[in-house]
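When reading the values below, keep in mind they use all heavy atoms of this one structure, side chains included, and skip hydrogens, waters and symmetry mates.
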Amino acid sequence: MSELGQFGLPVPPPTVNLETQRFWDATAEGRLVLPRCDDSGDVVWYPRERCDGPGSTSVTWFEASGRGTVYSCTVTRRIPGSWRKAAPFVLAYVELEEGPRVLTNIVGCDPDTVHIGQAVQAVFDPTPDGPALLRFTPA
């Protein structure tokens, strides 16, 4: 099992490349920055230097609010492998205020209290290598 983070979940180091570097650098500072397509205006998720819609490579990075709502969620109570000791935990899709839906964990609360439509706020769980994983807690 990888090292556990401040919320009791594994914190595997992310794969950082040139396209995602700005995103991961910001998470290490406790900030959420995302690219917005200059042609369509869509916020791009997963962070990268191009927009899938029009295929544009013109994006502008901005600081996102970190606010969102739970779009879908499940409580994982039993799981084989490296996450076994972390159960129970919440796996959720969070719809960001800026539009995209992010697969993440809801932390800092009783897993049984998490529900669809719940307001959440971004938190950052540092990894041993510096970047932090984007997770959410009830707002």
Side-chain angles (χ1 to χ4, degrees):
M1 179 178 213
S2 64
E3 187 174 324
L4 295 181
Q6 64 185 346
F7 300 107
L9 297 177
V11 285
T15 301
V16 179
N17 60 41
L18 289 175
E19 278 200 308
T20 63
Q21 186 74 51
R22 290 184 200 187
F23 174 79
W24 293 115
D25 286 349
T27 67
E29 299 170 356
R31 299 181 308 115
L32 177 59
V33 297
L34 299 171
R36 179 179 286 125
C37 178
D38 293 332
D39 294 329
S40 70
D42 294 336
V43 176
V44 178
W45 183 264
Y46 189 79
R48 57 192 175 278
E49 295 289 338
R50 67 182 304 273
C51 177
D52 286 338
S56 175
T57 56
S58 179
V59 298
T60 302
W61 291 78
F62 70 99
E63 188 149 351
S65 68
R67 292 185 298 272
T69 57
V70 175
Y71 176 79
S72 176
C73 62
T74 188
V75 177
T76 303
R77 297 182 191 286
R78 296 180 60 198
I79 187 168
S82 63
W83 282 68
R84 178 186 310 252
K85 291 182 182 176
F89 60 89
V90 178
L91 183 63
Y93 273 103
V94 167
E95 187 168 303
L96 298 177
E97 192 173 75
E98 293 80 10
R101 292 183 187 139
V102 178
L103 183 62
T104 187
N105 299 109
I106 308 298
V107 297
C109 63
D110 177 348
D112 291 325
T113 65
V114 177
H115 59 276
I116 293 170
Q118 183 173 15
V120 291
Q121 179 66 44
V123 292
F124 300 91
D125 205 355
T127 68
D129 294 342
L133 300 181
L134 175 62
R135 292 183 165 144
F136 288 81
T137 191

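- In this structure, Arg48 contributes its side chain and Tyr46 its backbone to a donor-acceptor pair below 3.5 Å.
- Expressed to the nearest 0.5 Å, how far NE2 of His115 lies from CD1 of Ile106 amounts to 10.5 Å.
- Nearest heavy atom pair, residue Val16 against residue Pro131, reads CG2-CG, 4.1 Å.
- Taken to the nearest 0.5 Å, the OG1 atom of Thr113 stands 6.0 Å off from the CD atom of Gln118.
- Closest non-hydrogen pair, Gly8 versus Ala86, comes out as O-CB, 3.7 Å.
- The closest side-chain heavy-atom distance from Phe136 to Val70 is not below 4.5 Å.
- Residues Val33 and Glu63 come closest through the heavy atom pair CG1-CA, 4.1 Å.
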Under the side chain to side chain contact (heavy atoms under 4.5 Å, CB included) criterion, do Leu96 and Leu34 qualify, and how do the steps go?
CA-CA 11 Å; Leu96 298 177; Leu34 299 171; 3.8 Å; yes

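- In this structure, Ser58 contributes its side chain and Asp39 its backbone to no donor-acceptor pair below 3.5 Å.
- Using a 4.5 Å cut-off on side-chain heavy atoms (C-beta onward), Phe124 and Leu32 make contact.
- In this structure, Val94 and Gly68 approach most closely via the heavy-atom pair CG1-CA, 4.1 Å.
- In this structure a side-chain-to-backbone donor-acceptor pair under 3.5 Å is missing from Asp125 to Ala132.
- Annotation: the span from Thr69 atom OG1 to Glu95 atom CD amounts to 5.5 Å, rounded to 0.5 Å.
- Trp45 and Leu103 sit in two unconnected hydrophobic clusters of ILVMFWY residues. Membership requires side-chain heavy atoms under 4.5 Å apart, directly or through other members.
- Phe7 and Ile79 fall within the same hydrophobic cluster, where Ile, Leu, Val, Met, Phe, Trp and Tyr residues are linked whenever their side-chain heavy atoms come under 4.5 Å apart, directly or through other members.
- Under the 4.5 Å side-chain heavy-atom criterion for ILVMFWY residues, no single connected hydrophobic cluster contains both Val75 and Leu91.
- Counting heavy atoms from C-beta outward, Gln6 and Pro126 have side chains that approach closer than 4.5 Å.
- When all heavy atoms are compared, the tightest approach of Pro88 to Pro111 is O-CG, 4.0 Å.
- Linking ILVMFWY side-chain heavy atoms closer than 4.5 Å, directly or via other members, places Val107 and Ile116 in two distinct hydrophobic clusters.
- Put simply, the side chain of Thr137 does not reach to within 4.5 Å of the side chain of Val120, judged on heavy atoms.
- What you find for Glu98 and Arg67 is that their closest heavy atoms are OE1-O, 4.4 Å.
- Taking CH2 from Trp24 and OG1 from Thr127, the interatomic distance works out to 8.0 Å, rounded to the nearest 0.5 Å.
- To the nearest 0.5 Å, atoms CZ (Arg36) and OG1 (Thr60) are separated by 8.5 Å.
- Shown are Val44, Val43, Thr57; of these, the side chain to side chain contact (heavy atoms under 4.5 Å, CB included) with Cys51 is made only by Val44.
- Residue Tyr93 qualifies as open at atom OH: its count of foreign heavy atoms under 6.0 Å is 12 or below.
- In this structure, the side chains of Arg135 and Leu9 come closer than 4.5 Å at one or more pairs of heavy atoms.
- Residues Pro128 and Val11 have side chains in contact (heavy-atom distance under 4.5 Å, counting atoms from C-beta outward).
- Note that CG of Asn105 is 5.0 Å distant from CH2 of Trp83, once rounded to the nearest 0.5 Å.
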